[in-house]
Amino acid sequence: MRGTLMRTVRLGVGSLMLHKLRSMLTTLGVLFGVSSVIAMLAIGEGASKKAQDQIRALGSQNVILRSIKPREDFATGGQATRVVSYGLLNDDLARVEKTFPGVRRVVPVREIPLEVRNQDRALNPRVMSTLPIYRDVTGRVVSEGRFLSDSDEQAVANVCVLSDEVARYLYPFQSPIGEKVKIGADYYVVVGTTLSRKRLGSDPAMAGEVSAAEVFIPLETGRKWYGDLQVKIRAGSREMEEVQLHEIVIEVAAAENVPMVAAAAREMLSRNHRQRDYEIVVPLELLLQAEETKRTFNIVLGSIASISLLVGGIGIMNVMLATVTERTREIGIRRALGAKRRHIVTQFLVETVVLSVGGGVLGVILGLVIPQYVEYAYDMPTIVTPLNPLIAFGISVGIGIVFGLYPAWRAANMDPVEALRHE
Amino acid sequence: MSSRPLVHTAAEPVADLEHVSRVYRMGQTDVRALDDFSFTFRQGEYWAVMGSSGSGKSTLLNILGCLDRPNSGTYRVRGEDTQGLSDDDLSELRSRHLGFVFQNYNLLPQLNVLENILVPIFYQDVPPPGIEERAKELARRVGLGTRLEHRPTELSGGQQQRVAIARALINDPALILADEATGNLDSTTAQEILALLDELHAEGKTIVLVTHEPEVGKRAQHLLRLKDGRIEEVRHNRAPSGGPSSSNTAGTGGAG
Ligand SMILES: Nc1ncnc2c1ncn2[C@@H]1O[C@H](COP(=O)(O)OP(=O)(O)OP(=O)(O)O)[C@@H](O)[C@H]1O
Ligand SMILES: [Mg+2]
């Protein structure tokens with residue numbers, strides 16, 4: 001029986017080879033359908049993996065509170081110097097620490113708008129004054145030296161940690177460790193560097209496009225030298241900003257409590273702030289959102305793929321119907337020589353499946369090549385799940401069977417005498 | 001072998017038609033392609049079937065070949081009534097016991113000579129052992145032993161018809177049916193084909209050959225002439241073994 005099938009397949013290939021060009025053109029529909037499915041899945045998977053990695057880097061057990069400057073709804077009076085005060089308060093920090101359940105650690109961050117300079121090379125990175133646990137809670141990785149320590153904190157030391165990006169710019173030809181870097185008007189000893197990472201906003205679509213030039217100094221050092229009041233000179237007018245804390249990173253003890261803590265933070269902040277001068281970033285929520293986005297993407301993709309495969313299948317059916325008519329006489333001969341209906345069905349079904357599988361195989365190959373090209377040409381990560389080509393291949397076999405059944409049935413039900421008479 | 005009261009023929013019936021009618025409905029009128037047709041073809045006989053165009057020769061051959069079913073009457077192949085057989089059963093019967101030779105050869109263009117000869121075997125669930133050898137043997141026999149790999153398009157008409165005959169022989173059929181097998185061939189080639197059929201007859205094959213050419217009709221052992229779906233004449237050119245040579249005109253039809 002298996003031998004018979006092998007022979008039928010060989011025969012089918014032989015018949016298809018009688019019309020090479022037509023057979024090839026017929027497979028194109030399935031080819032492009034299958035390859036686009038695989039390629040798009042790979043690109044989608046890669047993009048979503050990238051987004052998810054970035055969200056995870058924020059710490060999926062964290063809830064991040066950030067200060068944002070509220071929109072100014074009154075015009076500034078010309079030269080006037082005024083103080084705008086907004087953002088997270090030390091009181092907020094205290095409330096989180098004292099009243100929030102299920103919280104493991106809380107890290108405050110202050111940002112100080114200072115220039116960082118090594119001789120003639122200067123940069124305006126985010127200068128963050130924070131606690132040593134910041135590294136742990138946010139998963140920063142030390143690339144050289146060490147991060148801030150408790151003794152730095154106690155000594156209110158003038159030390160700093162640079163992100164690689166800053167380090168490379170300020171010290172292009174040497175290790176910055178032990179060097180004195182000028183931050184604002186003071187000199188700080190560089191004790192370590194961290195791997196650069198991208199910053200993430202609350203909008204996952206914008207995720208990771210902000211570059212991360214970061215400099216860390218001890219929280220107490222920041223407090224001591226730079227109060228809450230910060231001066232920004234903008235377009236000729238001097239503006240004073242008063243921000244107590246720029247960021248509070250809350251590490252939740254158990255992942256399942258993240259939504260609860262996030263809700264508590266929302267509640268607490270909206271109660272204590274008259275204006276919306278803060279934002280809450282919940283990486284876990286972003287992660288769920290990203291997954292949801294991916295699901296939607298997959299549904300859209302699936303629909304497009306089904307349509308293209310449907311069109312491919314109809315193309316194959318169309319050609320097979322023409323083939324059956326064209327080969328009416330052959331069908332008559334085979335019937336006269338003893339072929340049963342099922343033999344004829346098998347023969348044409350096998351031919352259709354060979355066509356669609358041929359298209360499927362070429363489609364899988366093309367579908368594996370396209371992501372490679374996309375990675376190379378557009379520097380986008382792509383991921384080919386081993387299952388996808390298999391599924392695509394299975395689908396192409398299915399298409400062959402589904403769209404081959406009717407032509408095969410037509411062929412098998414021809415009257416042998418009529419078929420033999422056909423010219 | 002049971003002893004039975006025989007008149008002049010001892011041979012087994014191979015194909016047995018009893019009051020067979022095949023009617024085509026054309027609009028308002030009925031065309032009776034076969035009209036209450038009764039006849040018996042026996043083992044080892046070689047019949048030429050003649051008659052004017054439209055007299056029902058092809059219809060008869062189609063029914064003999066189980067490609068078509070009568071509207072009424074019974075048709076038995078080697079004693080088995082075909083009435084109750086399913087489409088699959090008829091296919092099986094064709095594949096095992098019948099051999100066809102067509103006017104236009106009807107070889108499959110995508111197959112080579114050897115594969116073409118083997119097509120009827122292809123549809124048997126269990127191919128007989130040594131069948132490839134037999135196919136090659138048959139190819140040699142019809143003079144194409146060196147052309148096994150050739151495609152039909154690379155052969156002349158006569159060669160193609162010889163492949164078709166080899167194909168008709170592959171299943172060692174009880175009955176060989178040839179519809180105007182020499183119709184497309186020039187006279188020399190036709191003679192070769194007829195010689196081949198004579199040989200097969202001499203070996204004891206049962207052959208029914210439809211022809212338009214009187215010489216071919218004379219050459220066969222027996223002649224059956226049709227008219228309007230009925231038997232017009234039955235003539236025995238050469239004596240069948242054990243029977244007298246005779247020539248009769250039978251408007252009523254039936255020889256059994
Ligand atoms: N499929 C059909 N539909 C309608 N009428 C048919 C059909 N097949 C055959 N006939 C009619 O049946 C009659 C017998 O036809 P058949 O083909 O048996 O003739 P024939 O003796 O083989 O003729 P020829 O020598 O031309 O081949 C003819 O009148 C023909 O028109
Ligand atoms: Mg005819």
Side-chain angles (χ1 to χ4, degrees), chain A residues 1-23 320 323-324 326-351 354-355 408-423, chain B residues 22 24 33 58-69 85-112 115-127 132 151-153 164 167-171 173 177-179:
Chain A
M1 217 51 236
R2 185 177 303 137
T4 313
L5 187 65
M6 278 317 295
R7 253 186 313 173
T8 311
V9 170
R10 228 181 32 232
L11 217 98
V13 173
S15 298
L16 293 171
M17 291 310 269
L18 283 185
H19 306 279
K20 290 192 190 69
L21 182 64
R22 182 168 73 185
S23 301
M320 284 315 290
T323 303
V324 164
E326 195 175 90
R327 285 160 65 185
T328 299
R329 190 182 189 80
E330 176 189 335
I331 295 163
I333 297 168
R334 290 185 182 275
R335 294 282 275 137
L337 298 180
K340 294 173 183 161
R341 288 208 172 109
R342 63 178 164 84
H343 290 126
I344 303 293
V345 167
T346 313
Q347 181 191 341
F348 282 95
L349 212 51
V350 161
E351 273 184 39
V354 166
L355 273 181
W409 178 85
R410 273 258 291 253
N413 279 286
M414 281 179 179
D415 177 51
V417 176
E418 293 290 328
L420 273 170
R421 257 217 300 257
H422 193 267
E423 243 341 295
Chain B
R22 180 69 174 94
Y24 293 105
S58 294
T59 306
L60 171 64
L61 230 61
N62 289 338
I63 286 182
L64 288 175
C66 297
L67 290 169
D68 197 5
R69 290 172 188 265
L85 296 183
S86 69
D87 193 78
D88 274 6
D89 294 335
L90 293 182
S91 294
E92 185 79 31
L93 208 151
R94 289 197 292 270
S95 151
R96 292 192 181 282
H97 303 302
L98 298 174
F100 289 89
V101 182
F102 303 94
Q103 176 172 5
N104 38 23
Y105 330 129
N106 277 347
L107 300 178
L108 298 179
Q110 63 268 49
L111 304 183
N112 65 28
E115 290 164 338
N116 260 294
I117 294 174
L118 282 166
V119 170
I121 301 304
F122 188 72
Y123 295 117
Q124 296 180 4
D125 289 337
V126 186
E132 285 232 0
R151 301 271 157 144
T153 46
R167 179 178 68 182
L169 292 172
I170 188 73
N171 54 359
L177 301 164
D179 198 347

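By convention in this document, chain letters (A, B, ...) are assigned in the order of the sequence lines, proteins followed by strands, and residues within each chain are numbered from 1.
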Practice problem: Keeping to residues at least two apart or across chains, list the salt bridge (charged side-chain N to carboxylate O under 4.0 Å, His left out) pairs with something in residues 97-111 of chain B. | Solution: none
Quiz item: For the atom pair CG (B/Leu67) and CD (A/Glu418), what is the distance rounded to the nearest 0.5 Å?
Solution: 12.0 Å
Exercise. Please state whether the side chain, the backbone, both or neither of B/Asp88 comes within less than 4.5 Å of a heavy atom of chain A.
Key: both
Self-check item: Spatial distance of atom CG (A/Leu337) from atom CD1 (B/Ile170) [nearest 0.5 Å]
Solution: 11.5 Å
Quiz prompt | Inter-residue atom distance B/Gln103.CD - A/Leu420.CG, 0.5 Å rounding | solution = 12.5 Å
Quiz item: In terms of heavy-atom proximity below 4.5 Å to chain B, should A/Arg327 be classed as side chain, backbone, both, or neither?
Solution: side chain
Quiz prompt | Atom group of B/Arg167 that falls short of 4.5 Å from chain A, counting heavy atoms | solution = side chain
Quiz item: Roughly how far, to the nearest 0.5 Å, is the OH atom of B/Tyr123 from the CD1 atom of A/Ile344?
Solution: 5.0 Å
Quiz item: So what's closer than 4.5 Å to chain A heavy atoms on B/Leu111: side chain, backbone, both or neither?
Solution: side chain
Exercise. Test A/Arg329 against B/Asn104 for side-chain contact (heavy atoms from CB on, under 4.5 Å), laying out the working first.
Key: CA-CA 11 Å; A/Arg329 190 182 189 80; B/Asn104 38 23; 2.4 Å; yes
Quiz item: If you tally heavy-atom pairs under 4.5 Å against chain A, which of B/Gly99, B/Pro109, B/Cys66, B/Pro120 wins?
Solution: B/Pro120
Self-check item: Contact summary for A/Gly338 and B/Ser95, nearest pair of heavy atoms
Solution: CA-CB, 3.6 Å
Quiz item: Looking at A/Gly14, A/Ala336, A/Ser15, which makes the most heavy-atom pairs under 4.5 Å with chain B?
Solution: A/Ala336
Self-check item: Inter-residue atom distance A/Lys340.NZ - B/Leu90.CG, 0.5 Å rounding
Solution: 11.0 Å
Quiz item: Charged N to carboxylate O below 4.0 Å: is that the case for A/Arg342 and B/Asp125?
Solution: yes
Practice problem: Measure across A/Arg335 and B/Ser91 and return the closest heavy-atom pair with its distance rounded to 0.1 Å. | Solution: NH1-OG, 3.1 Å
Self-check item: Residue pair A/Arg334, B/Leu108: steps toward the side-chain contact (heavy atoms from CB on, under 4.5 Å) verdict
Solution: CA-CA 9 Å; A/Arg334 290 185 182 275; B/Leu108 298 179; 3.2 Å; yes
Quiz prompt | Contacting region of B/Phe122 [heavy-atom separation from chain A under 4.5 Å] | solution = both
